[in-house]
Amino acid sequence: MGLNKGLLFLSIKILVFAALFAALVLWRLDALHRLDLESLEGQSERTEAEQLFEKLRDEKLLTADANGQLSVVPKDHVLARRAGGADADGLKLASRLIDNYYGTDPGRTLGDWIALWNRGRLLSAVRDNRPRVADGPAVEWTAFDRTGSPLRSYGRVPLEFGFVMNGVLTPGFGDWTVSPEPGLEWRSELRLAKGATLTLQVIGRPDTSRLPRHQLLACVPDVPAGRPNCAEGFIPEQARAYQIRLTLPAGRHALRLPVAPVANPEPEDRDLPLALKAGRIEWVAKRERYSRKLAPSRPPATFVVRTADGQLLTGDDGKGEPSDFALKNGLAALMGYGTDYRGSLSGILAGSAIGQGGEVRLTLDSKLQAIAQAELERRLGEEWGGGDAFHNERRGAVVMLNARTGAVLAAANHPSPPDGTSLWDRAAFSITWPNRDPFRFNPWQGLDAHVTPGSTFKVVSSLAAIKAAGEGRDDVAAMLRGWGAGAFERNTGLSSGASCYQPRGTSEVCNFEGGSLAGAFGKALRNAACQPGRHSSGLGVREAVRDSLNIWYVRLGELMDRGNLQGGGVNTTLATMAGRLGFGKRFSLFPTVGATESGDSEPLIDGAVLRAMTGDLDLFHARLGAPMQRLSQNSFGQGVRATPLQMARMAAAAATGDLIHPTLLAAWEGRAARPKEAEALGLNEELLGLLRQGMKAVPESGTAAGVFNIENPGDRCRTYGKTGTAQSLEHPKLYSGWMIGWRDDRAQQPDIAFACVLTHSTGGTGGDLCGRVVARILKQWDR
């Protein structure tokens with residue numbers, strides 16, 4: 001009996017184990033049937049949805065189109081393939097994967113994620129420029145679906161849609177209202193006390209059939225020269241954005257605008273585990289998506305900014321809004337419109353890690369700033385007051401520096417940015433039309449084809465030659481000192497009557513307006529009212545600067561550097577000196593403040609508007625073409641880009657023989673800034689004196705004499721200058737007018753260095769355009 005019981009228990013155990021084993025096998029087979037995946041061993045962190053996604057993708061049952069939208073084959077995919085004659089055995093895996101996608105929880109989860117992903121690939125948005133009411137609604141447009149139910153709005157408009165602004169940064173537009181849903185209708189209501197024209201900007205393809213009287217302008221990113229970005233003539237299929245101009249009478253208006261969404265070039269991932277990588281859809285593990293460290297938050301710092309003489313540049317509430325003085329006197333782009341724009345000084349200060357606020361004093365002199373801005377705008381009005389074809393592109397700037405310390409005393413700027421533009425407008429406009437961006441601070445930001453310094457760069461060429469002469473180049477020293485007509489022809493190969501010159505292997509260069517060298521011999525160096533009896537005895541650097549002789553500088557560059565062109569010209573004397581003078585670099589205008597209790601200097605803030613650009617020249621880039629051609633052009637200032645601040649710095653270098661380091665900071669929270677000391681350039685004083693004599697002659701008897709005799713004869717005797725009329729690097733019929741230089745104080749020591757530029761001129765010289773500005777500023781300001 002005991003044996004029978006033992007056999008019975010053993011049989012029961014065997015049956016139980018057999019049943020468990022069978023259940024395990026069936027469960028495993030079911031799992032393999034559902035997912036048809038490899039063993040989960042070693043993949044415990046991978047979810048079933050992730051594995052199903054990868055199998056569907058690898059079997060090309062889940063694909064992405066050109067816009068990144070995902071699609072999975074329909075349920076009857078296998079039946080359709082079989083009906084088309086496909087091998088049934090070859091479709092078993094596809095059949096199991098499709099069943100899993102449409103019939104399991106992991107599959108349904110994956111389907112939800114794909115639907116969210118696809119919505120993110122689409123975009124429609126709308127905004128308008130209706131008059132804003134202080135207590136009005138924040139959202140003025142609402143999206144509705146086909147049944148009339150409101151839809152949630154979310155997402156952002158990528159900056160690449162900036163072309164919808166049609167090339168003009170216009171204030172007054174509200175924020176975008178965005179939805180990725182297809183088949184929606186945007187609705188809005190407004191009341192007008194009187195008739196008005198309302199402009200709508202739309203991302204997507206609108207159906208305007210329900211709108212009242214309107215004009216539809218299709219907007220495309222790339223247009224033929226001379227055409228607006230938004231126009232009636234564009235083919236609608238080319239456009240992804242539109243402007244709609246509504247003409248509305250007084251009263252209540254209910255606006256309805258169906259919009260078909262377009263592909264979103266910068267979709268948000270909406271926290272999904274999917275990503276496009278090199279055109280392939282990938283699963284992104286959660287641990288990767290949440291690996292970013294969040295910076296600790298703190299309230300923004302609040303600063304009050306003043307000029308050196310105490311004039312408020314921001315409101316005294318610390319919110320960073322520009323003061324009336326800043327708005328009126330060309331400093332809005334520098335200060336910004338509040339702390340939310342981190343490219344401006346107010347935004348940079350608000351995000352600073354140094355302190356929680358206080359007072360910042362800039363080196364600017366409010367009186368000089370006001371004078372410089374007024375005279376810049378006056379000259380613009382005189383020359384182009386009625387507007388012209390280049391009104392929106394034209395730039396202007398004046399920089400005034402302390403010639404010995406580098407303190408920025410004035411920084412006039414044109415154009416001034418409009419108030420009331422949103423952050424999106426500012427950022428999108430700066431990307432789409434960088435050369436028109438009014439938030440670019442022209443005194444030291446932005447290097448483009450229109451800031452070619454032209455003949456003002458001859459000061460740099462002169463400094464390079466003086467450096468070479470001081471290091472043993474007697475032939476260069478002799479050319480700087482000059483020769484009489486006969487000796488000049490024997491030593492240079494140029495006749496005294498020459499007006500053009502073509503070095504071997506380069507294009508021909510001519511003097512401005514074809515003037516010959518003959519007029520330089522025997523001409524007065526000084527105005528008789530300043531110092532009588534000083535005339536040229538030959539042709540050297542003094543005369544070449546005074547009369548701005550292009551071919552003299554081309555011949556000097558050839559003499560100085562033809563033997564240094566190996567390696568493409570980057571090691572020429574001119575390129576080396578330009579690098580020594582800071583070209584090709586950037587520097588911060590906020591260096592350090594005074595020493596702390598520990599004796600260390602505090603690190604200072606940095607940001608876009610505080611990063612001063614210097615310039616660039618073709619000799620820095622061996623790949624740009626024949627080195628002698630680049631040397632020839634660079635020697636008289638073509639093929640060069642420079643900011644006004646950098647050129648004022650070059651004028652100060654000629655005045656003092658030192659390289660100053662410009663700074664905008666006077667004091668931080670009551671502590672005086674410690675400017676970086678100037679660097680001695682080690683230039684031969686005798687030859688540097690000849691350059692100064694040539695620059696002295698410019699306002700007395702040279703290219704700026706006419707305007708100084710009319711506008712400011714009282715200062716011509718202590719002003720040094722160099723004018724420039726520079727051809728745009730991209731537009732040969734457009735010019736920029738320049739003048740750089742300095743004025744001595746009453747003790748005949750260099751006092752204030754300056755630079756002025758006006759771009760997009762179709763006529764007029766640097767002396768006429770900027771010489772007048774400089775002469776008028778100096779006449780009104782003295783100390």
Side-chain angles (χ1 to χ4, degrees), residues 19-65 67-83 86 88-122 145-147 149 151-152 154-155 179-183 261 264 267-277 279-292:
L20 290 173
F21 179 74
L24 179 63
V25 170
L26 288 173
W27 175 84
R28 182 62 177 160
L29 287 174
D30 180 63
L32 290 173
H33 171 74
R34 284 190 299 110
L35 292 173
D36 193 35
L37 298 170
E38 300 172 356
S39 171
L40 292 174
E41 183 178 355
Q43 304 179 36
S44 59
E45 294 185 6
R46 299 176 67 213
T47 65
E48 292 181 353
E50 178 183 358
Q51 296 173 75
L52 177 59
F53 161 82
E54 291 179 349
K55 280 293 185 181
L56 287 167
R57 181 198 61 196
D58 295 345
E59 294 297 322
K60 294 182 173 52
L61 302 172
L62 184 157
T63 56
D65 65 14
N67 294 324
Q69 288 208 300
L70 304 179
S71 59
V72 179
V73 295
K75 286 183 179 181
D76 60 357
H77 172 77
V78 171
L79 291 176
R81 291 287 307 278
R82 286 175 178 170
D89 291 337
L91 294 172
K92 289 181 179 179
L93 175 58
S95 178
R96 288 194 291 271
L97 291 171
I98 293 169
D99 288 345
N100 277 279
Y101 178 73
Y102 289 104
T104 67
D105 287 340
R108 282 185 283 271
T109 297
L110 179 58
D112 290 341
W113 283 337
I114 289 174
L116 287 172
W117 170 273
N118 285 340
R119 284 184 198 165
R121 307 300 102 181
L122 298 174
D145 65 15
R146 291 185 178 92
T147 67
S149 300
L151 296 169
R152 185 168 67 92
Y154 58 87
S179 176
E181 302 290 344
N264 187 350
E268 300 177 62
D269 64 15
R270 297 191 55 76
D271 204 28
L272 297 174
L274 306 175
L276 276 175
K277 296 182 178 180
R280 175 182 167 88
I281 189 70
E282 300 281 0
W283 189 278
V284 182
K286 186 174 181 180
R287 60 183 177 275
E288 295 175 359
R289 290 184 288 123
Y290 293 102
S291 62
R292 291 176 295 177

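Source: prediction; values computed, not measured.
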[X] to [Y] - nearest heavy-atom pair and separation:
X	Y	result
Phe53	Leu62	CD1-CD1, 3.9 Å
Leu97	Lys55	CD2-CB, 3.7 Å
Gly120	Asn264	O-ND2, 3.4 Å
Trp113	Ala49	CZ3-CB, 4.2 Å

### Query
Which residues satisfy the side-chain contact (heavy atoms from CB on, under 4.5 Å) test with Ala80, sequence neighbours excluded?
none

### Query
For Ala94, which residues count as a side-chain contact (heavy atoms from CB on, under 4.5 Å) partner, sequence neighbours excluded?
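Testing Ala94 for side-chain contact (heavy atoms from CB on, under 4.5 Å), a comparison that skips the adjacent residues, returns Leu61, Val78.
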
### Query
Could you walk me through whether Arg152 and Glu181 pass the side-chain contact (heavy atoms from CB on, under 4.5 Å) check?
CA-CA 9 Å; Arg152 185 168 67 92; Glu181 302 290 344; over 6 Å; no

### Query
Do side-chain atoms of Arg81 reach the backbone of Leu91 as a donor and acceptor pair under 3.5 angstrom?
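No: the side chain of Arg81 does not pair with the backbone of Leu91.
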
### Message
Taking Asn118's backbone N and O only, do any of them form a donor-acceptor pair with Gln69's side chain (distance below 3.5 Å, no angle check)?
### Response
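Yes; judged by distance alone, with no hydrogens or angles, the pair exists.
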
#### Entry: salt bridge (charged side-chain N to carboxylate O under 4.0 Å, His left out) between Arg96 and Asp99, worked out
CA-CA 5 Å; Arg96 288 194 291 271; Asp99 288 345; over 6 Å; no

### Task
Return yes when atom CZ of Arg146 has more than 12 non-hydrogen atoms of other residues, nucleotides or ligands closer than 6.0 Å, and no otherwise.
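No, because the 6.0 Å sphere around CZ of Arg146 holds 12 heavy atoms or fewer from other groups.
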
### The single option from Pro267, Ser179, Pro180, Pro261 passing side chain to side chain contact (heavy atoms under 4.5 Å, CB included) against Arg119
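Passing option: Pro180.
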
### CA sep, side-chain torsions, deciding dist, call: Val72, Leu110, side-chain contact (heavy atoms from CB on, under 4.5 Å)
CA-CA 11 Å; Val72 179; Leu110 179 58; over 6 Å; no

